[in-house]
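Below is one structure, written out as structure tokens, with a few remarks after it.
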Amino acid sequence: MKLSARIAAPVAALVLAGLTATACAPQTSDTSAKGDDKSGTLRVWLFQEVGNKPKEKVVDAAVADFEKAHKGVKVEIEYIPVDTRAQRIKAAFNDPKSAPDLIEYGNSDTAGYVKDGGLADITEEFGAWDEAKDTDPIAKQSVTVGDKVYGAPFFVGVRALYYRTDVFKDLGIDPPKSQAELISTAKKIRKAKPDLYGLAVGGAYTYGAMPFIWANGGELAGESGGTYKSGINSEKSRKGIEAYTSLFGDDNCPAAKCASMGGNATVTAFASGKAAMAIGGDFSHAAVEAGAVKGKYAVVPLPGVAENSIAPAFAGGNNLGVLKSSSHRTLAVDLMKSLSGKKTQAQMFDAMGFLPTYTDVLDNAAKKEPFVAPFVQTLGAGAKFVPASPAWGQIDASLILPTMFQEIVSGRKDVAKASDDAAKKMDAAFTEAG
């Protein structure tokens with residue numbers, strides 16, 4: 001299955017933006033490896049998920065096959081917390097001796113990591129890889145800067161609306177069909193069932209907030225002549241910010257508890273039965289299935305402003321990349337192929353719900369599991385992305401947007417002041433990145 005052509009928006013360096021973003025390391029000196037060892041130990045950093053055991057099982061199986069095929073080679077996997085990934089990867093770029101050979105990274109970071117000199121150019125190896133010919137063109141763009149390839153797509157991710165079917169049935173309500181109805185439904189549920197959040201939201205959940213901004217016609221930034229300028233303080237963006245921040249309060253998700261929550265925390269709240277709705281990804285499916293709401297939930301696309309419309313979702317996902325400093329380049333590329341190959345991606349879909357990046361594997365996944373439908377539908381309705389600038393990693397790691405949301409929900413600043421201040425910080429980052 002091809003990802004919808006409607007989401008193939010032309011961007012300079014990236015088309016798919018990452019599920020998670022990390023800090024841009026400062027420009028480093030040449031950290032290129034001086035050799036290419038064919039034996040020894042490969043070190044790999046992967047992201048720790050909510051409910052990580054199924055991911056570990058799939059990875060362990062792929063590693064076992066790899067070690068069997070590469071005598072004398074050992075693989076050490078470390079799962080790093082998402083919250084500290086920025087500092088860890090930044091340090092790795094600047095200290096090759098302690099750096100891993102292979103990393104998982106949010107695919108919005110490709111441009112920044114390439115500028116920092118952290119990722120190896122694997123254009124030749126990717127082009128010669130037989131499975132790579134079936135990589136969806138949009139997914140391939142997420143590892144491409146200019147005409148060079150700097151990794152392999154690991155999965156594509158998009159978010160939709162999870163809701164409690166038992167709660168909705170009990171209250172006699174239907175899934176919301178517009179953004180206004182989503183907000184009113186959340187508050188109706190909270191009023192009827194004060195022990196629940198109507199819709200779990202997080203002040204640090206940037207990618208859950210973005211659909212509100214985009215659905216109201218706002219943009220994170222605009223590009224002209226290769227230069228980006230923030231659009232977060234436009235009138236349309238402010239409408240989206242107002243809609244999202246209206247969900248923080250005792251009538252839905254109390255700011256004292258929800259202002260600091262990120263995406264994982266909101267999914268955990270839903271999975272544990274503390275929320276009637278949450279904005280979660282296809283990649284959240286395993287965690288929800290393992291929670292208290294198993295068998296009592298469904299998923300629909302997040303509604304847009306107009307009735308029966310779908311809010312533009314942040315289309316993300318993660319990649320695997322070989323570090324430029326790796327002294328095991330050939331082995332690291334082989335392991336990257338094993339971990340991101342069709343067999344592993346199909347298994348990872350079964351285990352975690354991560355959407356595959358190969359057209360044939362994605363097609364099989366959609367036929368196999370009905371839960372994929374609302375996410376594929378969301379992609380087809382038109383997904384959007386973060387600015388394709390090396391500055392985005394710094395903007396995200398500096399918590400510029402979470403700070404803006406938290407200032408608003410705490411009452412420290414109004415929407416106009418908070419968004420103006422955020423825009424200034426974003427513009428400074430864009431200028432610095434060049």
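Below, each value reflects all heavy atoms present in this structure, side chains not excepted, and no hydrogens, waters or symmetry copies. On a predicted model such as this, the values are computed, not experimentally measured, just so you know.
Note on K368 versus D350: salt bridge recorded, some NZ/NE/NH1/NH2 to OD/OE distance being below 4.0 Å. Of the charged side-chain nitrogens involved, at least one lies within less than 4.0 Å of a carboxylate oxygen, so that R85 and D396 count as a salt-bridged pair. For D37 and R329, the salt-bridge test fails: no basic side-chain N is under 4.0 Å from an acidic carboxylate O. Under the 4.0 Å criterion applied to side-chain N and carboxylate O atoms, E104 and K55 are assigned as salt-bridge partners. Ion pairing of D360 with K342 is present here, as a side-chain N (NZ or NE/NH1/NH2) and a carboxylate O approach within less than 4.0 Å. In this structure, R88 pairs ionically with E78, as a charged nitrogen and a carboxylate oxygen lie closer than 4.0 Å. Remark: D421 does not engage K425 in a salt bridge, criterion side-chain N to carboxylate O under 4.0 Å.
Ring pair Y244/F248 is perpendicular by interplanar angle, where above 60° counts as perpendicular and below 30° as parallel.
At a threshold of 4.5 Å between non-hydrogen side-chain atoms, the residues L182 and L161 count as touching. Within the 4.5 Å cutoff, side-chain heavy atoms of I241 are placed close to those of M404. Residues T268 and T266 form no side-chain contact, since every pair of their non-hydrogen atoms from C-beta on lies 4.5 Å or further apart. Contact annotation: the side chain of V300 never approaches that of P374 to less than 4.5 Å [non-hydrogen atoms, C-beta and beyond]. Under the 4.5 Å side-chain criterion, counting only non-hydrogen atoms from C-beta, N252 is in contact with L199. Contact annotation: the side chain of V299 never approaches that of H285 to less than 4.5 Å [non-hydrogen atoms, C-beta and beyond]. Using a 4.5 Å heavy-atom threshold, the side chains of P153 and T135 count as touching. E67 is not listed as a side-chain neighbour of V73, based on a closest heavy-atom distance of 4.5 Å or more.
Put simply, CE on M426 and CG on N233 are 9.0 Å apart, with the number rounded to the nearest 0.5 Å. Note: N107 CG to Q141 CD = 11.5 Å, rounded to the nearest 0.5 Å. Interatomic distance, CD of Q179 versus OG of S309, reported as 8.5 Å (0.5 Å rounding). Note that CD1 of I310 and CG of N308 are 9.5 Å apart. Values are rounded to the nearest 0.5 Å. Remark: Y163 OH to I279 CD1 distance equals 15.5 Å, nearest 0.5 Å. Distance check: L401 CG to Y207 OH gives 9.0 Å after rounding to the nearest 0.5 Å.
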Quiz item: Taking it one step at a time, do L42 and K74 satisfy side chain to side chain contact (heavy atoms under 4.5 Å, CB included)?
Solution: CA-CA 6 Å; L42 288 176; K74 295 295 182 183; over 6 Å; no

Exercise. Begin with the C-alpha distance, continue with both residues' side-chain angles, and end with the deciding distance and a verdict on side chain to side chain contact (heavy atoms under 4.5 Å, CB included) for L335 and V75.
Key: CA-CA 9 Å; L335 180 58; V75 178; 3.9 Å; yes

Practice problem: Mind running side chain to side chain contact (heavy atoms under 4.5 Å, CB included) on Y228 and W392 for me, showing each step along the way? | Solution: CA-CA 10 Å; Y228 284 88; W392 180 255; over 6 Å; no

Quiz item: Could you walk me through whether D420 and K424 pass the salt bridge (Lys or Arg N to Asp or Glu O under 4.0 Å) check?
Solution: CA-CA 6 Å; D420 279 344; K424 290 176 183 177; over 6 Å; no

Quiz item: For K229 and E219, what are the C-alpha separation, side-chain angles and deciding distance, and is it a salt bridge (Lys or Arg N to Asp or Glu O under 4.0 Å)?
Solution: CA-CA 10 Å; K229 183 175 178 57; E219 296 290 348; over 6 Å; no

Practice problem: Step by step, work out the ring-ring contact (aromatic ring centres under 6.0 Å, His included) result for F354 and F349. | Solution: CA-CA 5 Å; F354 292 168; F349 169 77; 9.6 Å; no

Quiz item: Can T245 and F212 be said to form a side chain to side chain contact (heavy atoms under 4.5 Å, CB included), step by step?
Solution: CA-CA 10 Å; T245 55; F212 290 80; over 6 Å; no

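For the residue pair E131 and G341, the shortest heavy atom distance occurs at OE1-CA, 3.3 Å. The two residues F270 and V293 have their closest heavy-atom pair at O-CG1, 3.3 Å. The heavy-atom pair separating P303 from K177 by the smallest distance is CB-C, 3.6 Å. For the pair A92 and A99, the tightest heavy-atom approach, listed with the atom from each and the gap, is O-CB, 3.4 Å. What you find for L320 and Y105 is that their closest heavy atoms are C-CE2, 3.9 Å. Residue Y297 comes nearest to T165 through the heavy atom pair N-OG1, 3.5 Å, listed as atom of the first residue, atom of the second, then distance.
When the options E242, E235, R238 are evaluated for a side-chain hydrogen bond (donor to acceptor under 3.5 Å, both in side chains) with S419, the one that passes is R238. When each of V322, D121, T144, N319 is paired with Y150, the side-chain contact (heavy atoms from CB on, under 4.5 Å) condition holds for D121 and for no other.
In this structure, a donor-acceptor pair under 3.5 Å is absent between the side chains of Q48 and N52. Remark: the D134 side chain and the T359 side chain contain no N/O donor-acceptor pair separated by less than 3.5 Å. Under the 3.5 Å distance criterion, with hydrogens and angles disregarded, no donor-acceptor pair is assigned to the side chains of Q345 and S340. Counted by atom type alone, Q406 and S410 present zero donor-acceptor pairs between their side chains at under 3.5 Å.
R43 places no side-chain N or O within donor-acceptor distance of the main-chain N or O of I77, the cut-off being under 3.5 Å. Put simply, the side chain of S237 never gets that close to the backbone of I213: no donor and acceptor are under 3.5 Å apart. A side-chain donor-acceptor contact under 3.5 Å links S389 to the backbone of A391.
Heavy atoms of other residues, nucleotides or ligands lying less than 6.0 angstrom from NZ of K38 number more than 12.
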